[in-house]
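Report on the following structure.
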Amino acid sequence: MANTKLLLSDLAASIEYVPSKYVRPMNDRPNLDEVQSSLDGSIPLIDLQGLHALNRSHVIRQIADACQTDGFFQVKNHGIPESVIHGMLSIAKEFFHLSESERLKNYSDDPLKTMRLSTSVNVKTEQVSSWRDFLRLYCYPLEDYIHEWPSNPPSFRDDVAVYSKNVRKLALELLEAISESLGLERKHIDKALGKHSQQMAINYYPPCPQPELTFGLPSHADPNALTILLQDDVLGLHVLKNGKWVAIHPIPNTFIINIGDQIQVISNDRYKSAVHRVVVNSQKERISIPTFYCPSPEALMGAAPGLIDTHHPALYRKFTYSDYFVEFWNRGLATQSCLDMFKT
């Protein structure tokens with residue numbers, strides 16, 4: 001029976017209608033005719049080459065402006081070779097094109113596992129499912145986790161390890177720039193994240209027979225510090241800008257950067273955690289690969305002392321990242337953010 005399939009990708013090809021568990025309520029559908037386009041330049045594209053040149057201060061200002069207004073920007077000349085980017089996208093597609101039995105060796109619905117293949121978001125608690133499968137990997141420290149990763153395709157571990165190391169380097173560079181843009185010491189956010197954690201999702205969105213009825217992922221903000229997104233050439237990501245959804249047109253060899261909840265906390269609300277969602281289409285599969293750069297679980301989060309004064313009191317109480325993530329996970333993506341639960 002088709003409905004006994006654990007993964008959406010093994011169900012989607014055989015159906016003509018979206019199963020009822022994926023259908024969003026009427027007031028929570030994509031309304032694709034109301035979506036704007038990023039082709040008008042509304043989402044900044046920042047050239048990171050300038051971080052290593054005399055115009056570093058100009059690039060820092062660009063990053064500050066993007067973080068203050070939308071929490072969202074794109075980057076080019078980021079230092080990650082095209083061959084590494086193409087290798088990551090290629091191995092991701094190869095993994096999701098493996099046989100059902102081979103992929104299912106990695107399946108789990110236990111969110112505590114540090115490597116798992118699953119579907120939607122939280123299949124145990126959600127009321128409406130999301131049109132995606134995903135492979136979740138922990139990536140730092142690499143030596144602690146790489147042995148858990150899929151061994152098929154044969155080059156998976158090598159290719160993903162090279163990519164993960166490159167993205168971590170970019171993440172650290174961006175965290176320095178963001179710290180500097182807030183007027184903080186360059187290593188402030190780096191230190192605030194404790195021992196650091198890096199996770200990756202390889203998202204697979206199969207073609208959908210009725211894309212107007214469902215989401216790949218509903219509207220949400222990310223609970224971590226910084227998200228670095230690699231996507232293929234298929235449209236799907238929308239970001240919320242001035243109350244309107246903007247479709248992000250993929251630009252080859254660039255990354256989408258979005259501020260997560262923890263940088264909003266550290267910045268004492270000067271910077272905004274980006275609200276975004278994912279839509280699907282009826283013609284093409286889509287792959288996106290977000291890297292979630294996170295505090296370590298025991299890291300104590302709060303506003304940077306340099307951003308607190310009598311006119312700008314601390315807006316959040318101190319909390320550990322593990323406490324925050326438990327709240328986020330329990331609430332699911334039904335609400336955009338759980339920051340309000342940690343306000344002073």
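The residues of the chain are indexed from 1 along the displayed sequence.
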Original post:
Do the non-hydrogen side-chain atoms of Phe215 and Arg24 ever get within less than 4.5 Å of each other?
Top reply: yes
Subject >> Other cluster members, Ile251 - Ile/Leu/Val/Met/Phe/Trp/Tyr, side-chain contacts below 4.5 Å >> reply: Leu45
Original post:
Of the non-hydrogen atoms in Leu235 and Ile248, which two are nearest, and what is the gap between them?
Top reply: CD2-O, 3.3 Å
**OP:** Assess whether salt bridge (charged side-chain N to carboxylate O under 4.0 Å, His left out) is satisfied between Glu102 and Lys105, documenting all intermediate values.
**Re:** CA-CA 6 Å; Glu102 187 63 34; Lys105 291 176 183 177; 2.9 Å; yes
**OP:** Quick one: do Ile189 and Leu193 satisfy side-chain contact (heavy atoms from CB on, under 4.5 Å)? Show the steps, please.
**Re:** CA-CA 6 Å; Ile189 297 177; Leu193 302 186; 4.2 Å; yes
Original post:
How many angstroms lie between atom CZ of Arg270 and atom CD1 of Ile263, to the nearest 0.5 angstrom?
Top reply: 14.5 Å
Original post:
Hey, quick one: are Ile91 and Val234 part of the same hydrophobic cluster, counting side-chain heavy atoms closer than 4.5 Å, chains of contacts allowed?
Top reply: no
**OP:** State the CG-NE2 distance between Asp159 and His86, to the nearest 0.5 angstrom.
**Re:** 13.5 Å
Subject >> Joint cluster assignment, Leu117 & Leu89, ILVMFWY side-chain distance < 4.5 Å >> reply: yes
Original post:
Quick one: CD1 on Ile256 to CG on Leu237, what's the gap to the nearest 0.5 Å?
Top reply: 6.0 Å
Subject >> Minimal non-hydrogen separation, Ser38 against His249, with atom names >> reply: OG-N, 2.9 Å
Subject >> Spacing of CD1 belonging to Ile202 relative to CD1 belonging to Ile287, to within rounding of 0.5 Å >> reply: 8.0 Å
Subject >> Non-hydrogen side-chain atoms of Tyr138 and Gln199 separated by less than 4.5 Å >> reply: yes
Original post:
Do the rings of Phe325 and Tyr321 sit parallel, tilted or perpendicular, given the 30° and 60° boundaries?
Top reply: tilted
Original post:
Quick check: does any side chain N or O of Ser267 sit under 3.5 Å from a backbone N or O of Gln264, one acting as donor and the other as acceptor?
Top reply: yes
Subject >> Pairing residues for Asp323 by the salt bridge (Lys or Arg N to Asp or Glu O under 4.0 Å) criterion, not counting sequence neighbours >> reply: none
Original post:
So do Val239 and Trp245 actually touch side chain to side chain, heavy atoms under 4.5 Å?
Top reply: no
Subject >> Note, Asp109 side chain near Leu6 side chain (heavy atom, < 4.5 Å) >> reply: no
Original post:
With sequence neighbours left out, what residues match Tyr293 under ring-ring contact (aromatic ring centres under 6.0 Å, His included)?
Top reply: His196
Subject >> Polar side chain donor-acceptor pair, Tyr316 to Asp269, under 3.5 angstrom >> reply: yes
Original post:
Checking Thr254 side chain against Lys76 main chain: does a donor-acceptor pair fall under 3.5 Å?
Top reply: no
**OP:** Please answer: with hydrophobic residues joined when any side-chain heavy atoms are less than 4.5 Å apart, are Val121 and Val23 in the same cluster?
**Re:** yes
**OP:** Say whether, by atom type as modelled, one donor and one acceptor occur between the side chain of Asp70 and the main chain of Ala66 under 3.5 angstrom.
**Re:** no
Subject >> Distance-only donor-acceptor check, side chains His276 and His238, under 3.5 Å >> reply: no
Subject >> CG on Leu175 to CZ on Arg186, rounded to 0.5 Å >> reply: 13.0 Å
Original post:
Does a sphere of radius 6.0 Å around CD in Gln127 hold more than 12 heavy atoms from other residues, nucleotides or ligands, not counting ones at 6.0 Å or beyond?
Top reply: no
Subject >> Donor-acceptor pair, side chain of Asn281 and main chain of Gln283, under 3.5 angstrom >> reply: yes
Original post:
Between Tyr107 and Ser118, which heavy-atom pair has the shortest distance, and what is it?
Top reply: CE1-CA, 3.9 Å
Subject >> Polar side-chain atom of Asp222 near backbone of Asn224 as donor-acceptor pair, under 3.5 Å >> reply: no
Subject >> Residue pair Phe72 / Lys241, side-chain heavy-atom distance below 4.5 Å >> reply: no
**OP:** Fit a plane to each ring of Tyr22 and Trp131, take the angle between them on a 0 to 90° scale, and name the class: parallel (under 30°), tilted (30 to 60°) or perpendicular (over 60°).
**Re:** perpendicular
Original post:
Is there a donor-acceptor pair under 3.5 Å between the side chain of Gln74 and the backbone N or O of Ile43?
Top reply: yes
**OP:** May I have the step-by-step check of salt bridge (charged side-chain N to carboxylate O under 4.0 Å, His left out) for Lys93 and Glu285, ending in yes or no?
**Re:** CA-CA 10 Å; Lys93 183 173 282 194; Glu285 64 183 4; 3.7 Å; yes
**OP:** Could you tell me whether the side chain of His78 and the main chain of Asn253 form a donor-acceptor pair under 3.5 Å?
**Re:** yes
Subject >> Test log, rule side-chain contact (heavy atoms from CB on, under 4.5 Å), inputs Asp47 and Val59 >> reply: CA-CA 8 Å; Asp47 188 342; Val59 178; over 6 Å; no
Subject >> Common cluster, Val167/Ile146, ILVMFWY with side-chain heavy-atom separation under 4.5 Å >> reply: yes
Original post:
Do the side chains of Ile80 and Leu142 join up, straight or via other hydrophobic residues, at under 4.5 Å, putting them in one cluster?
Top reply: yes
**OP:** Name the orientation class of the two ring planes belonging to Phe156 and Phe95 (parallel below 30°, tilted from 30 to 60°, perpendicular beyond 60°).
**Re:** tilted
Subject >> Rounded distance [0.5 Å steps], OG1 in Thr227 versus CG in Asn258 >> reply: 4.5 Å
**OP:** Give the intermediate values and the outcome of salt bridge (charged side-chain N to carboxylate O under 4.0 Å, His left out) for residues Arg103 and Asp133.
**Re:** CA-CA 11 Å; Arg103 277 178 288 119; Asp133 291 337; 5.2 Å; no
**OP:** Please confirm whether the backbone N or O of Ser130 pairs with a side-chain atom of Ser120, one donor and one acceptor, at under 3.5 Å?
**Re:** yes
Original post:
Is there a donor-acceptor pair under 3.5 Å between the side chain of Arg286 and the backbone N or O of Tyr205?
Top reply: no
Subject >> Side-chain touch Leu230/Tyr163, heavy atoms, less than 4.5 angstrom >> reply: yes
**OP:** Evaluate the side-chain proximity of Ile60 to Leu51: yes if any heavy-atom separation is below 4.5 Å, no if none is.
**Re:** yes
**OP:** Return the minimal non-hydrogen interatomic distance between His188 and Pro305, and the atom names on each side.
**Re:** CE1-CD, 4.1 Å
Subject >> Nearest atoms (heavy-atom pairs only) where Met200 meets Met88 >> reply: SD-CE, 4.1 Å
Original post:
Which of parallel (below 30°), tilted (30 to 60°) and perpendicular (above 60°) describes Tyr204 and His97?
Top reply: perpendicular
**OP:** Quick one: do Phe319 and Glu327 satisfy side-chain contact (heavy atoms from CB on, under 4.5 Å)? Show the steps, please.
**Re:** CA-CA 11 Å; Phe319 56 87; Glu327 246 0 289; over 6 Å; no
Original post:
Please walk me through it: do Leu226 and Ile178 pass side-chain contact (heavy atoms from CB on, under 4.5 Å)?
Top reply: CA-CA 10 Å; Leu226 193 70; Ile178 292 167; 3.8 Å; yes
Subject >> Side chain Arg116, main chain Ser108, donor-acceptor under 3.5 Å >> reply: yes
Subject >> Closest approach of Asn166 to Gly79 (non-hydrogen atoms, all atoms of both residues) >> reply: OD1-O, 4.4 Å
**OP:** Check whether any side-chain heavy atom of Ser164 sits under 4.5 Å from a side-chain heavy atom of Tyr140, and report yes or no.
**Re:** no
